[in-house]
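Each remark here refers to the structure printed beneath this line.
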Amino acid sequence: MNETQRLFEKLLGDFIALKPVAFCPPIQLYTSQVAAETLWQQIQDILKSNDFPIPFWAYPWVGGQGLARYILDHPEIVRGKKIVDFASGSGLVAIAAALAGAKKVYACDIDPFARLAILRNAKANNVKIKLKTLSFHGGVPWGTACVLGGDIFYEHRMAYGALAWLRKLAGKGIEVFLGDPGRAYMPHENIEELAIMNVPTPYRLEDKDSREVMVFKLIR
C-alpha cells in the first residue's frame, strides 16, 4: 500500500462514511462528513504540505447529482453503450451509467485520490468501472457513444479546455450530456436543454439547501 492509499484509508476511517446520495438514493458514495475546506485542511495537516488538490471527490456535487438522476430516469441514453464520465470526481455519474445498463463505463479524473474513490464507490454499488486518463488534445476510447460530465464549469481554464474538447467530440457524432447548476463558465449557446431540477445539497457546500440544475446536451 503506497502513501496515497494509506492516507485515503485514514480519511475513510476518520472523516468519510458510506451514505446514500440524497437525489439518487439507489447510489451510495463514500462522502465527507465535514465541509470541503475542513477536510482539505485536515489532509494538509496530515501531509504537512499545502500541495494537495481540493477533495472534490468526497462530495456528490449538485451538477453530478442532476445528471445521474437524469440517467437513472432515462436509461436509454446509455443502455448497451460505451460511456466516458469526464472529470468523474466521486464516480457518481459513472455509477449511474453502469446501473442504467451501459455496456462499458470509463471514469476519468487526474486526482489520484479521486481514482481511488471511484473504484471504492463502484465496489460499494456492485458495478464495474474502468479508470481512464484523457486529455483535451486526445480522443476517447474507440466505440465511445456518450461522454458525460457533471459540474465541470466552475473554473475558467478547466471549463474553456473541456468545452472546446467536448464540442469536437460532439462534432464527431459522440453524444455529450452535461449537468450544471449555472456555474460561472457553463455554456448557454448550442445546447439542448433536457431537464431542470431542484437538487438538494448540504448547506456547507453551497451555502444553501438546494440548487437548480440544468441537464443538457451539446449540439454539434
Side-chain angles (χ1 to χ4, degrees), residues 16-32 56-109 114-115 117-132 140-141 143-153 166 169-170 174-183 186 191-202 205-206 209-218:
I16 297 173
L18 186 65
K19 59 185 295 188
V21 177
F23 204 55
C24 308
I27 299 174
Q28 297 185 89
L29 295 179
Y30 284 95
T31 305
S32 176
F56 292 120
W57 49 269
Y59 305 88
W61 296 90
V62 288
Q65 286 196 60
L67 181 56
R69 180 73 266 168
Y70 188 83
I71 291 167
L72 293 175
D73 292 342
H74 301 85
E76 66 278 1
I77 69 174
V78 300
R79 186 185 294 125
K81 300 176 183 178
K82 187 179 290 187
I83 306 300
V84 169
D85 177 27
F86 175 71
S88 189
S90 65
L92 169 59
V93 175
I95 291 166
L99 290 174
K103 181 180 180 180
K104 183 172 285 187
V105 180
Y106 294 98
C108 310
D109 205 294
R115 294 167 72 87
I118 290 164
L119 294 178
R120 184 63 66 92
N121 286 327
K123 184 177 181 180
N125 289 276
N126 197 31
V127 296
K128 291 184 178 180
I129 292 173
K130 296 193 72 173
L131 297 176
K132 193 74 175 175
V140 291
T144 296
C146 295
V147 174
L148 312 172
D151 228 323
I152 64 175
F153 298 108
L166 292 170
L169 296 179
I174 295 172
E175 294 186 300
V176 179
F177 295 93
L178 303 165
D180 198 274
R183 302 292 185 202
M186 172 186 159
I191 65 172
E192 177 187 352
E193 180 184 313
L194 301 174
I196 297 287
M197 52 190 75
N198 198 45
V199 179
T201 181
L205 283 183
E206 302 277 0
D209 296 320
S210 65
R211 290 200 64 166
E212 190 175 81
V213 170
M214 179 192 292
V215 176
F216 58 98
K217 181 179 178 181
L218 288 188

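Sequence positions, counted from 1, serve as the residue numbers for this chain.
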Tell me the closest heavy-atom pair linking [X] and [Y], and the distance in Å.
{"X": "Cys146", "Y": "Lys81", "result": "SG-CD, 4.2 Å"}
{"X": "Lys82", "Y": "Lys103", "result": "N-CB, 4.5 Å"}
{"X": "Ala124", "Y": "Leu18", "result": "CB-CD1, 3.9 Å"}
{"X": "Ala97", "Y": "Ile83", "result": "CB-CG2, 4.2 Å"}
{"X": "Ser88", "Y": "Ala107", "result": "OG-CB, 3.6 Å"}
{"X": "Val84", "Y": "Cys108", "result": "CG1-SG, 3.7 Å"}

Could you go through Leu194 and Phe177, starting from their C-alpha distance and side-chain angles, then the distance that decides it, and tell me whether this counts as side chain to side chain contact (heavy atoms under 4.5 Å, CB included)?
CA-CA 9 Å; Leu194 301 174; Phe177 295 93; 3.6 Å; yes
Is there a side-chain contact between [X] and [Y] (heavy atoms, below 4.5 Å)?
{"X": "Leu178", "Y": "Leu166", "value": "yes"}
{"X": "Phe216", "Y": "Asp180", "value": "yes"}
{"X": "Leu72", "Y": "Cys24", "value": "yes"}
{"X": "Ile129", "Y": "Asp85", "value": "no"}

Using modelled atom types and a 3.5 Å cut-off, is there a donor and acceptor pairing between side-chain atoms of [X] and backbone atoms of [Y]?
{"X": "Asn125", "Y": "Gln28", "result": "yes"}
{"X": "Trp61", "Y": "Gly150", "result": "no"}
{"X": "Asp109", "Y": "Gly89", "result": "yes"}

Lys217: side chain to side chain donor-acceptor pair (under 3.5 Å) partners, not counting sequence neighbours:
Glu175
The side chain to side chain donor-acceptor pair (under 3.5 Å) partners of Arg183 (sequence neighbours excluded) come to Asp151, Glu206
Between [atom1] of [X] and [atom2] of [Y], what distance do you get to the nearest 0.5 Å?
{"X": "Arg69", "Y": "His74", "atom1": "CZ", "atom2": "NE2", "answer": "10.5 Å"}
{"X": "Leu67", "Y": "Ile152", "atom1": "CG", "atom2": "CD1", "answer": "10.0 Å"}
{"X": "Asn198", "Y": "Glu212", "atom1": "CG", "atom2": "CD", "answer": "7.0 Å"}
{"X": "Ile77", "Y": "Leu148", "atom1": "CD1", "atom2": "CG", "answer": "6.5 Å"}
{"X": "Ile191", "Y": "Met186", "atom1": "CD1", "atom2": "CE", "answer": "5.0 Å"}
{"X": "Ile16", "Y": "Thr31", "atom1": "CD1", "atom2": "OG1", "answer": "8.0 Å"}

Would the number of heavy atoms belonging to other residues, nucleotides or ligands and lying under 6.0 Å from NZ of Lys130 be above 12?
no
